[in-house]
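So the structure is just underneath, and the comments pick up after that.
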Amino acid sequence: MENILQENLWKVKQRISDACRRSGRKEEEVTLIAVSKTKPVQMLDAVYQAGVREFGENKVQELCEKYDMLPSDIHWHMIGHLQRNKVRQVVGKACLIHSVDSIRLAEQIEAEAKKINCTVPILVEVNAAEEESKFGITLSETEAFIRKIALFPHISVKGLMTIAPFVENPEDNRIYFHNLKQLCVDINHKNIDNVYMDILSMGMTNDYEIAIEEGATHVRVGTGIFGERIYQ
Ligand SMILES: *Cc1c(COP(=O)(O)O)cnc(C)c1O
């Protein structure tokens, strides 16, 4: 198992490096997040042994369980839809919450962060393709939304995240990645206090190379590293 995971990881890193070269970017600009949801800690540990320190989970309970079982130098990314009643458990554990998509959720994060006197780095989730089935706010709502969240003293807005449509041909998602990058640059130019749009979390196993070509700083790769997921 270790060998397969290491080989998968090596291939993903190679493709990230190739995508960087094609688009004239530095490899250090792109962070690989190993999306480990549904996978047992033994598999995470194997990937950890191979040098990975960034892991992504989409459920609070699973993130917290793995947090307790694995080394403390891991950075845990909360990438899934977050319910307000679960915020308390994840604040202080997740290094970055990728999925902020409502003012009510931001208010809850603010309240919990204040209690333990920390600042929570977050990304705003944008539904770049405006799919019915997806969480996230629209491109046109994003700036106004960020201006509101920027007023919360215990939240730090770091950038944008999107989950692109599931497509046969990843090239079809290029336009969404391109639009998100453009929006990020536009908002950065507004110089809003407490807003630093340094992070663009986009690209999954199927389309991370395209996302890198369009400016992703964080790619979230699950299947490409750990293999297919089996849901019970
Ligand atoms: C599951 C998941 C991923 C990883 O998906 P793969 O296609 O397995 O790489 C990335 N981002 C989010 C938000 C996810 O829920």
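Counting starts at 1 for both ligands and their atoms, in listed order. Keep in mind that this is a model prediction, so the values were computed, not measured.
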TODO: Start with the C-alpha gap between Arg15 and Glu209, add the side-chain angles, then the distance that decides, and say whether salt bridge (charged side-chain N to carboxylate O under 4.0 Å, His left out) holds.
DONE: CA-CA 7 Å; Arg15 288 169 66 172; Glu209 291 153 283; 2.6 Å; yes
Open item on the list: If I take atom CE from residue Met202 and atom CG from residue Leu160, how far apart are they, to the nearest 0.5 angstrom?
Closed with: 9.0 Å
Open item on the list: Tell me whether Asn194 contacts the main-chain N or O of Ile155 through its side chain, where contact means a donor paired with an acceptor under 3.5 Å.
Closed with: yes
Open item on the list: Can you confirm whether Ile74 sits close enough to Pro71 that some side-chain heavy atom of one is under 4.5 Å from a side-chain heavy atom of the other?
Closed with: yes
- [ ] Say whether Gln89 and Lys86, considering side chains only, have a donor N or O and an acceptor N or O under 3.5 Å apart.
- [x] no
Open item on the list: When you group the ILVMFWY residues by side-chain heavy-atom contacts below 4.5 Å and let the links chain together, are Trp76 and Ile225 in the same group?
Closed with: yes
Just list the N/O pairs, ligand 1 to protein, that are under 3.5 Å apart, with the distance for each.
{"residue": "ligand 1", "atom": "8 (O)", "partner": "Thr223", "partner atom": "N", "Å": "2.8"}
{"residue": "ligand 1", "atom": "8 (O)", "partner": "Thr223", "partner atom": "OG1", "Å": "2.5"}
{"residue": "ligand 1", "atom": "8 (O)", "partner": "Arg229", "partner atom": "NH1", "Å": "2.8"}
{"residue": "ligand 1", "atom": "8 (O)", "partner": "Arg229", "partner atom": "NH2", "Å": "3.1"}
{"residue": "ligand 1", "atom": "9 (O)", "partner": "Thr205", "partner atom": "N", "Å": "3.0"}
{"residue": "ligand 1", "atom": "9 (O)", "partner": "Thr205", "partner atom": "OG1", "Å": "2.4"}
{"residue": "ligand 1", "atom": "9 (O)", "partner": "Gly222", "partner atom": "N", "Å": "2.8"}
{"residue": "ligand 1", "atom": "11 (N)", "partner": "Arg220", "partner atom": "NE", "Å": "2.8"}
{"residue": "ligand 1", "atom": "15 (O)", "partner": "Lys37", "partner atom": "NZ", "Å": "2.6"}

